[in-house]
A.B. asks: 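I have a structure I would like to understand better, so I am pasting it below and will then ask my questions one at a time.
Chain letters run A, B, ... following the sequence lines, proteins first, then strands; residues in each count from 1.
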Protein chains: 2
Amino acid sequence: MNSQKIEPAKILLAKNIKPTPIRLKVLETLLSQTHAMRLYDIENILDGVERTSIFRAIKNFEKNNLVHEIDDGSGATKFALCEDRCECNLEDLHVHFFCKICEQTFCLQQLQIPSMELPPEFVVESANFVIKGICANCNT
Amino acid sequence: MNSQKIEPAKILLAKNIKPTPIRLKVLETLLSQTHAMRLYDIENILDGVERTSIFRAIKNFEKNNLVHEIDDGSGATKFALCEDRCECNLEDLHVHFFCKICEQTFCLQQLQIPSMELPPEFVVESANFVIKGICANCNT
DNA sequence: CTTGATTTTGCAACACTGTTGCATCACATT
DNA sequence: AATGTGATGCAACAGTGTTGCAAAATCAAG
């Protein structure tokens, strides 16, 4: 079936991203995973593809609101696909969960980041809310 | 006045930390700042003290609930003193604010991290909530 | 006080992540 | 086919965190 080859290209085109081979591979890799991924994870799966090429593809995706960065405190930035109509505004942000055991990061899309009453003159632009603990899989 | 020399030692002793020269210097540096500091910042102020020595002092402080780590997405972990009776439990956690302009990180101690309704079987242990934007000083 | 054990510190080195510069290559347009 | 634009691969680098080991300082026991 070729739907797996056609879909990613459509996604890229919908975001005005030229669907080059590397970008397609990176996107397919992200689509194949349910968790947020490190650059290194993608590198391992796409064996033979340069780290920098993946890096630039991801940066391109970010700029075009296709993926978002998550800083889960593990030391490495993780990346996950945005939801369809995400424009990476404040309202689009959601909470993430980092499991200390399997070290995987979950997008809790149903949990919007709560707005906070900041001190006067402070302006919010974005936020990073990561809850850490043990995920359902590791909690046996 | 010698209160500045006696106080830090008391703080360390109260947390069962042996007040060695390096530890005192690191603690004094943290006390002298209103914002969270990077290892590198402390290193710069304590000119001549080894990075690793500061690192180990900080790690010791962390273990004894004297400082907490903040991951503000700047790439470098920042450290700030805990409040007096902090035991680094969930209830002790507060929101942080990272200013994109001056790159300083503020402890918003009055803002407790809100609890979230997680998916079933997920266990919370800690959290990192950083709001990013422009601080009052830079917002002119 | 001397000896020995333990802890702390300084130094060197390393791993990992992210990033940039540059040359080459592919591709699209004329 | 010629040309220009962008994508890719390669090499190198910087920042951060971390560990191993040896020297120094501290502490405890005799």
Side-chain angles (χ1 to χ4, degrees), chain A residues 8-9 12-13 15-29 36-64 66-80 98 100 103-105 128 130, chain B residues 8-9 12-13 15-29 36-64 66-80 98 100 103-105 128 130:
Chain A
L12 293 183
L13 289 171
K15 298 275 187 178
N16 286 314
I17 302 169
K18 194 164 123 189
T20 66
I22 298 269
R23 287 176 192 159
L24 286 170
K25 281 184 189 172
V26 172
L27 176 56
E28 281 162 16
T29 307
M37 302 183 77
R38 297 178 296 169
L39 205 52
Y40 181 75
D41 298 326
I42 304 175
E43 199 185 339
N44 268 348
I45 292 178
L46 296 182
D47 201 31
V49 180
E50 260 296 307
R51 190 165 80 248
T52 43
S53 302
I54 302 171
F55 171 71
R56 287 191 254 239
I58 289 278
K59 283 297 170 189
N60 181 304
F61 290 174
E62 258 190 280
K63 203 176 60 188
N64 292 289
L66 181 56
V67 306
H68 59 274
E69 273 192 22
I70 309 144
D71 197 347
D72 61 12
S74 68
T77 308
K78 290 193 180 155
F79 305 95
F98 175 73
K100 289 181 176 178
E103 296 194 325
Q104 279 186 324
T105 297
N128 184 50
V130 178
Chain B
L12 293 183
L13 289 170
K15 298 277 186 177
N16 287 315
I17 302 169
K18 194 164 121 188
T20 67
I22 298 269
R23 288 175 193 161
L24 286 170
K25 281 185 187 173
V26 172
L27 176 56
E28 280 163 16
T29 307
M37 302 183 78
R38 299 176 296 170
L39 206 53
Y40 181 74
D41 298 326
I42 304 175
E43 199 186 339
N44 268 348
I45 292 177
L46 296 181
D47 202 29
V49 180
E50 260 297 306
R51 190 166 80 247
T52 43
S53 302
I54 302 171
F55 170 72
R56 287 192 254 238
I58 289 278
K59 283 297 171 191
N60 181 304
F61 291 175
E62 259 191 280
K63 204 176 59 190
N64 292 288
L66 181 56
V67 305
H68 59 274
E69 273 193 23
I70 309 144
D71 197 348
D72 60 12
S74 67
T77 309
K78 290 192 181 157
F79 304 95
F98 175 72
K100 290 182 174 175
E103 296 193 325
Q104 278 187 324
T105 298
N128 183 50
V130 178

A.B. asks: Sub-3.5 Å donor-acceptor pair from the side chain of B:Asp72 to the main-chain atoms of B:Ser74, do we have one?
C.D. replies: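 Yes, because the side chain of B:Asp72 sits within donor-acceptor range (under 3.5 Å) of the backbone of B:Ser74.
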A.B. asks: Between atom CD1 in A:Ile54 and atom C1' in C:dC16, what is the gap in whole Å?
C.D. replies: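 Roughly 16 Å, once rounded to whole Å.
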A.B. asks: Would you call A:Arg56 and A:Arg23 a side-chain contact if the rule is heavy atoms closer than 4.5 Å?
C.D. replies: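 Heavy-atom side-chain distance check fails, nothing below 4.5 Å.
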A.B. asks: Should B:Thr20 and B:Leu12 be marked as a side-chain contact (heavy atoms from CB on, under 4.5 Å) after you check the CA-CA gap, both sets of side-chain angles, and the distance that decides it?
C.D. replies: CA-CA 9 Å; B:Thr20 67; B:Leu12 293 183; over 6 Å; no
A.B. asks: Hey, could you give me the CG/CG distance between B:Leu66 and B:Asn16, rounded to the nearest 0.5 Å?
C.D. replies: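 Interatomic distance, B:Leu66 CG to B:Asn16 CG, rounded to 0.5 Å: 11.5 Å.
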A.B. asks: If you measure from OG1 on B:Thr29 to CG on B:Asp41, what distance do you get to the nearest 0.5 Å?
C.D. replies: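 Going from the OG1 atom of B:Thr29 to the CG atom of B:Asp41 covers 10.5 Å.
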A.B. asks: Write down the distance between CD1 (A:Ile42) and C1' (D:dT8), rounded to a whole number of angstrom.
C.D. replies: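 A:Ile42 atom CD1 is separated from D:dT8 atom C1' by 16 Å.
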A.B. asks: Could you walk me through whether B:Ile17 and B:Leu27 pass the side-chain contact (heavy atoms from CB on, under 4.5 Å) test, one step at a time?
C.D. replies: CA-CA 11 Å; B:Ile17 302 169; B:Leu27 176 56; over 6 Å; no
A.B. asks: At what angle, to 10 degrees, do the two end axes of the helix from C:dC1-D:dG30 to C:dT30-D:dA1 meet, given five pairs define each axis?
C.D. replies: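 Both end axes considered, the difference amounts to 10°.
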A.B. asks: How does protein reach along nucleotides 6-15 of chain C, written 5' to 3' as B (base within reach of a heavy atom under 4.0 Å), S (only sugar-phosphate), or - (no contact)?
C.D. replies: -SSBBBBB--
A.B. asks: Does anything in residues 66-78 of chain A reach DNA chain C, meaning a heavy atom under 4.0 Å, and if so which residues?
C.D. replies: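 Those residues whose heavy atoms fall under 4.0 Å from DNA chain C, taken from residues 66-78 of chain A in numerical order, are A:Ala76, A:Thr77.
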A.B. asks: Take the protein atom OH of B:Tyr40 and the nucleotide atom P of D:dG17, then report the distance between them rounded to whole Å.
C.D. replies: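 Rounding to the nearest Å, OH of B:Tyr40 and P of D:dG17 are 13 Å apart.
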A.B. asks: To the nearest Å, how far apart are B:Phe79 CZ and D:dT16 P?
C.D. replies: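 It works out to 11 Å between those atoms.
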A.B. asks: Would you kindly give the CG-to-P distance between A:Asp41 and C:dG18, to the nearest whole Å?
C.D. replies: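 In whole Å, C:dG18 P lies 10 Å from A:Asp41 CG.
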A.B. asks: Between C:dT20 atom P and A:Leu39 atom CG, what is the distance in whole Å?
C.D. replies: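 To the nearest whole Å, that distance equals 13 Å.
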A.B. asks: Flag the pair B:Lys25 and B:Glu28 as a salt bridge only when some basic side-chain nitrogen lies within less than 4.0 angstrom of an acidic carboxylate oxygen.
C.D. replies: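 Between B:Glu28 and B:Lys25 there is no salt bridge, as every charged N stays at least 4.0 Å from the carboxylate O atoms.
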A.B. asks: Are more than 12 heavy atoms from other residues, nucleotides or ligands located less than 6.0 Å from atom NZ of A:Lys15?
C.D. replies: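 Correct, the count exceeds 12.
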A.B. asks: A:Lys59 NZ to D:dT8 P: how many Å, rounded?
C.D. replies: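 It works out to 17 Å between those atoms.
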A.B. asks: Starting from P on C:dG18, measure out to CD on A:Glu62 and report it in whole angstrom.
C.D. replies: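 About 11 Å, once rounded to whole Å.
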A.B. asks: Could you walk me through whether B:Phe79 and B:Glu62 satisfy the side-chain contact (heavy atoms from CB on, under 4.5 Å) test, starting with their C-alpha distance in whole Å, then the side-chain angles of each, then the deciding distance to 0.1 Å, before giving a yes or no?
C.D. replies: CA-CA 9 Å; B:Phe79 304 95; B:Glu62 259 191 280; 3.9 Å; yes
A.B. asks: Could you tell me whether the side chain of B:Ile42 reaches within less than 4.5 Å of the side chain of B:Ile58, counting heavy atoms only?
C.D. replies: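 The answer is yes; the side chains approach within 4.5 Å.
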A.B. asks: Apply side-chain contact (heavy atoms from CB on, under 4.5 Å) to residues A:Asn128 and B:Asn128 and explain how you reach the verdict.
C.D. replies: CA-CA 8 Å; A:Asn128 184 50; B:Asn128 183 50; 4.2 Å; yes
